[in-house]
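Along the sequence shown, residues are numbered consecutively beginning with 1.
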Amino acid sequence: MIEVRNLSVGYGGAAVLSGVTMSLTPGKVTALLGPNGCGKSTLLKTVLGLQPKLGGDILVDGTPSGQITPRQLAQKVTYLAQSRNTPNISARRMVLHGRFPYLSYPRRYGREDYEMVEKALQWADAAAFADRSMEELSGGQRQKVYLAMALAQDTRTILMDEPTTFLDVAHQLDVMATARRLAGEGKAVLMVLHDLCLALRWADETAVLAEGKLLFQGAPEEAFEAGVLDRAFGVRLARVMTEGGWQYYYG
């Protein structure tokens, strides 16, 4: 579980976000929402120690992040980055990289590692092209492989920065269903999303960043009723009740 308390993040001493206090709940999918440039990716990178915090505290399973080694953190938190290099290796070998935090030197994979990789490939709908080179795959196929790599890391907390990028609508829904399935296994899942309607339909919680701070954290229905998304994005959201629950759209 990750908790941040009065956290300030930014670059060169200039804060992008200040006073952020929030927590990720095991068993729930949290959608991190906000306009471009509001600090969503910066917040994730700071939590992961990829850039220094400007103030506040970060706790991982109750332990201050400064007391946790990078390897220990990688065994607790998975990070699916927004942009990644594309090495000339097979998709299956790429997914194996997700097992690195559990290997000692020299890196030798065991049966459990290979079994987890195959399971992750199936989860991410990437098994069909597992033996193809990453360089041969389309953007959407690569995204599925990176998702499989994140799943293969098998941590209790998963941070995903725009995981639906490059995916068509059907596969975006597959990613959201996978996130819900992972939450059903007791994992805490945080997803940076730009599609508000997708987020409100599938997430258990929403966290809205804007105006240099965390405006709201709570249920999607509460975010809608409070008008916080209209305020943050300058749009008008509407909804209609269907047999499957609330369906949101831009009014």
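Proximity of a side-chain donor or acceptor of D57 to a complementary backbone N or O of P64 within less than 3.5 Å is not detected. Judged purely by atom type and a 3.5 angstrom limit, T30 has no side-chain atom pairing as donor or acceptor with the backbone of L24. Distance alone, capped at 3.5 Å, places no donor-acceptor pair between the Q141 side chain and the A126 backbone. Side-chain atoms of Q172 come within 3.5 Å of backbone N or O of L167 as a donor-acceptor pair. Using a distance-only test at 3.5 Å, with no hydrogens or angles considered, no donor-acceptor pair links the side chain of R92 to the main chain of A127.
Nearest heavy atoms, T21 versus L214: O-CD2, 3.4 Å. Here the closest non-hydrogen pair linking V240 and Y249 is N-CE2, 4.2 Å. Taking both residues in full, the closest heavy atoms of A183 and V29 are given as CB-CG2, 3.8 Å, listed atom of the first, atom of the second, then distance. Minimum heavy-atom separation, A130 to S90: O-CB, 3.9 Å. A152 approaches A120 most closely through the heavy-atom pair N-CB, 3.8 Å. Closest heavy-atom contact between L17 and C38: CD2-O, 3.3 Å.
Annotation: side chain of V192 is not in contact with side chain of Q82 (no heavy-atom distance under 4.5 Å). For the pair L151/L182, a side-chain contact is recorded, criterion being any heavy-atom separation below 4.5 Å from C-beta on. You'll find the side chain of L147 reaches within 4.5 Å of the side chain of M160, heavy atoms only. The shortest side-chain heavy-atom distance between M94 and R142 does not fall under the 4.5 Å cut-off. Side-chain contact between L43 and L7: present, with at least one pair of heavy atoms (C-beta onward) separated by less than 4.5 Å. Between T206 and L229 there is no side-chain heavy-atom pair separated by less than 4.5 Å. Put simply, the side chain of T46 does not reach to within 4.5 Å of the side chain of V4, judged on heavy atoms.
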Inset, instruction - Given side chain to side chain contact (heavy atoms under 4.5 Å, CB included), test Y79 with L50 step by step and report yes or no. - result: CA-CA 11 Å; Y79 175 48; L50 300 177; 3.8 Å; yes

Inset, instruction - Determine, step by step, whether T178 and D125 satisfy the side chain to side chain contact (heavy atoms under 4.5 Å, CB included) criterion, reporting the C-alpha distance in whole Å, the side-chain angles of both residues, the deciding distance to 0.1 Å, and the verdict. - result: CA-CA 10 Å; T178 297; D125 192 28; over 6 Å; no

Inset, instruction - Starting from the C-alpha separation in whole Å, work towards a yes-or-no answer on side chain to side chain contact (heavy atoms under 4.5 Å, CB included) for Q143 and H171. - result: CA-CA 10 Å; Q143 189 73 345; H171 289 113; over 6 Å; no

Legend entry - Chi angles and distances behind the side chain to side chain contact (heavy atoms under 4.5 Å, CB included) call for D204, V189: CA-CA 10 Å; D204 300 299; V189 182; over 6 Å; no

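Note that NZ of K40 and NE2 of H194 are 4.5 Å apart. Values are rounded to the nearest 0.5 Å. Within the model, atoms OG1 of T242 and CH2 of W246 stand 9.5 Å from one another, a figure rounded to the nearest 0.5 Å. Annotation: the span from L48 atom CG to L73 atom CG amounts to 6.0 Å, rounded to 0.5 Å. Note: H97 NE2 to M149 CE = 8.0 Å, rounded to the nearest 0.5 Å. Here the CE atom belonging to M134 is positioned 6.0 Å from the CG atom belonging to L137, to the nearest 0.5 angstrom. Between the CG atom in L190 and the CG atom in L80 there is a gap of 11.5 Å [rounded to 0.5 Å].
Applying the salt bridge (Lys or Arg N to Asp or Glu O under 4.0 Å) test to pairs two or more places apart or on separate chains, those with a residue in residues 212-225 are E225-R239. The list of ring pair (Phe, Tyr, Trp, His ring centres under 6.0 Å) pairs with a residue in residues 108-153, not counting sequence neighbours, reads Y109-Y114.
At a threshold of 4.5 Å between side-chain heavy atoms, the hydrophobic network of Ile, Leu, Val, Met, Phe, Trp and Tyr places I2 and L33 in two separate groups. L32 is connected to V60 through a chain of hydrophobic side-chain contacts under 4.5 Å among Ile, Leu, Val, Met, Phe, Trp and Tyr, so both are in one cluster. Both I58 and L209 are assigned to one and the same hydrophobic cluster, defined by single-linkage of ILVMFWY side chains at heavy-atom distances under 4.5 Å. The hydrophobic cluster containing M1 does not contain I68, counting ILVMFWY residues as joined when their side-chain heavy atoms lie under 4.5 angstrom apart, directly or transitively. Both Y248 and L173 are assigned to one and the same hydrophobic cluster, defined by single-linkage of ILVMFWY side chains at heavy-atom distances under 4.5 Å.
At a cut-off of 3.5 Å, with distance as the only test, a side-chain donor of T69 or Q72 sits close to an acceptor on the other residue.
By the 6.0 Å contact criterion, CZ on R156 is open, its count of non-hydrogen atoms from other residues, nucleotides or ligands being 12 or less. Open room surrounds CZ on R236; 12 or fewer heavy atoms of other groups in view lie less than 6.0 Å from it. Residue E112 places its CD atom among 12 or fewer non-hydrogen atoms of other residues, nucleotides or ligands, all under 6.0 Å distant.
Ion pairing between R231 and E211 holds under the 4.0 Å rule for side-chain N and carboxylate O. Ionic pairing of K187 and D154 is present here: one or more N-O contacts between side-chain nitrogen and carboxylate oxygen are shorter than 4.0 angstrom.
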